[in-house]
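Structure, as structure tokens:
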Amino acid sequence: MNESAQARTVVPLGLAQTLAWASSYYLPAMLAAPMARDLGVATPTVFAAFSVALVVSAIVGPWSGRLIDHHGGRPVLMGTSVLFAAALVALGMADSAPALFAAWALMGIAMGSGLYEAAFASLVRLYGHDSRNAITGITLMAGFASTVGWPLTAWLEARFGWREACFAWAGLHLLVGLPLNAWLPSARAMPHGEGSQLPMPPPSAAASPDAPSARLTSILLAFVFAATWFISTAMAAHLPRLMQAAGASLAVAVAVGALVGPAQVAGRLLEFGFLRRVHPLLSARLAALAHPIGAAALLLAGPAVAPLFAVLHGAGNGILTIAKGTLPLVLFGPTGYGARQGWLMLPARVAQAMAPFLFGLVLDRLHAGALWLTAALGLTALAALLWLRSPATATAGSHAMAPERSRP
């Protein structure tokens, strides 16, 4: 696969993903409080509406993935640019709690068909087994969504108000996001049941009598994704408070939290460099181990090692984000990738919606000891990954099952 051709796809798609994440997933952190004040509701009500969006996105995911499987990502992602804009306009016009929930539900449809899973499926639809580096490139760029989105949203809110901030993001989707997604190469529409134009998948782990069944492989992957997204979302929502519960000052807690983002990007760079020469299953296992090691170090050694925890957690989370795109590809092949990815990520989206509330309850009761919960989840995810067998080991001697490597 021509790497320059992939780059011409990855750059505009990565910029479009940065915009999509910044104006949806990262929006409540800056706008929840002013939204709540203006609408006369409690701030948790705004986050409850956001949770509804995450649940809706989980339901939409398989349907969106199936559309990408059959028509390619270009028309679907162009449509989601319009959906994001419509949801943001509805959000900016909301004048009551029901209107707020309706706007976030519409945002959930856009998120379920326009964030990472849709981007990954679009790349697999175009490049098949050669998608690993492109997937990594997308996550590298969109990893800066909070770095860009939070300051811009805060500035817009302070300068013009939260409603105008929503309208500004809507305009960016139409003026910037829509043309960027339109830049994607077109894929020939595929009638239902046709798959001859896609690269044929290699024999998967499920194809070997010694390997787990396809159903068990799917269940294990879905559990891994749900467990790791629960951890990631819980940390994103509660990390400063958790660091203070572990004995760190507020200033240290904020500084430690600031390390997570760069660590995620560093982890993705590691995946793009050294780890792309190993099987995605091995890199996922190493990444799943990072959070439990960091949590154990923090609980045993105290706040002095809080920066180590942040770096390990962030790097592991960054690599696992890529694994969510590459593992279904390497274990099942590219045919039907979009729909399968949607079903695999459905439990993860639900876990993501529940994580802030549930982990908050555990944190209230156990304080820093709540980390034992996320460490245990990380270890169970690692156990599930260890249970999985890669195609390379399922059938010895088959060159089609060798670990995917970068092309010269």
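Since the structure is predicted, the reported quantities are computational estimates derived from the model, not experimental observations.
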Distance (rounded to the nearest 0.5 Å) between Met111 CE and Leu83 CG | 12.5 Å
Any Thr228 side-chain heavy atom under 4.5 Å of Asn317 side chain = no
Atom CG of Leu377 and atom CH2 of Trp372: how far apart are they, to the nearest 0.5 Å?
-> 14.0 Å
Please round to the nearest 0.5 Å and tell me the distance separating atom CG of Leu180 and atom CG of Leu13.
-> 9.0 Å
Is Glu271 paired with Arg132 through a side-chain N to carboxylate O contact shorter than 4.0 Å?
-> yes
Starting from the C-alpha separation in whole Å, work towards a yes-or-no answer on side-chain contact (heavy atoms from CB on, under 4.5 Å) for Val76 and Ser64.
-> CA-CA 8 Å; Val76 175; Ser64 169; 4.0 Å; yes
For Phe167, enumerate each residue passing the ring pair (Phe, Tyr, Trp, His ring centres under 6.0 Å) test, keeping only those at least two apart in sequence or located in another chain.
-> none
Considering only heavy atoms from C-beta outward, does the side chain of Leu31 approach that of Trp162 to under 4.5 Å?
-> yes
To the nearest 0.5 Å, atom NZ of Lys324 lies from atom CH2 of Trp229 at 6.5 Å
Does a donor on one side chain sit under 3.5 Å from an acceptor on the other, for Thr9 and Tyr127?
-> yes
Would you give the length of the straight line joining atom CG of Leu327 to atom CG of Leu220, rounded to the nearest 0.5 angstrom?
-> 11.5 Å
Would you call Trp150 and Tyr26 a side-chain contact if the rule is heavy atoms closer than 4.5 Å?
-> yes
Atom CH2 of Trp343 with >12 non-hydrogen neighbours under 6.0 angstrom | no
Examine distances only and state if a side-chain atom of Arg349 and a backbone atom of Val55 form a donor-acceptor pair shorter than 3.5 Å.
-> no
Please lay out, stage by stage, how Phe359 and Thr374 fare under the test side-chain contact (heavy atoms from CB on, under 4.5 Å).
-> CA-CA 9 Å; Phe359 188 77; Thr374 56; 3.5 Å; yes
Output yes when a side-chain donor or acceptor of Tyr337 lies under 3.5 Å from a complementary backbone atom of Gly325, and no otherwise.
-> yes
Heavy-atom distance under 4.5 Å between the side chains of Val224 and Trp387, does that happen here?
-> no
Beyond-backbone contact of Ser218 with Leu344, side-chain heavy atoms, under 4.5 angstrom = yes
Decide side-chain contact (heavy atoms from CB on, under 4.5 Å) for Phe309 and His291; before the verdict, give the C-alpha distance in whole Å, the side-chain angles of both, and the deciding distance to 0.1 Å.
-> CA-CA 7 Å; Phe309 165 79; His291 177 86; 3.7 Å; yes
Heavy-atom donor-acceptor pair, Trp183 side chain to Arg8 backbone, under 3.5 Å | yes
Is there a side-chain contact between Leu281 and Val330, using heavy atoms and a 4.5 Å cut-off?
-> no
Show your reasoning for whether side-chain contact (heavy atoms from CB on, under 4.5 Å) applies to His173 and Leu178.
-> CA-CA 6 Å; His173 274 284; Leu178 182 58; over 6 Å; no
Side-chain contact, heavy-atom cut-off 4.5 Å: Leu286 with Val278?
-> no
Pair Trp169 and Phe84, ring centroids less than 6.0 Å apart = no
Looking at side-chain heavy atoms only, is the closest gap between Arg163 and Asp38 below 4.5 Å?
-> yes
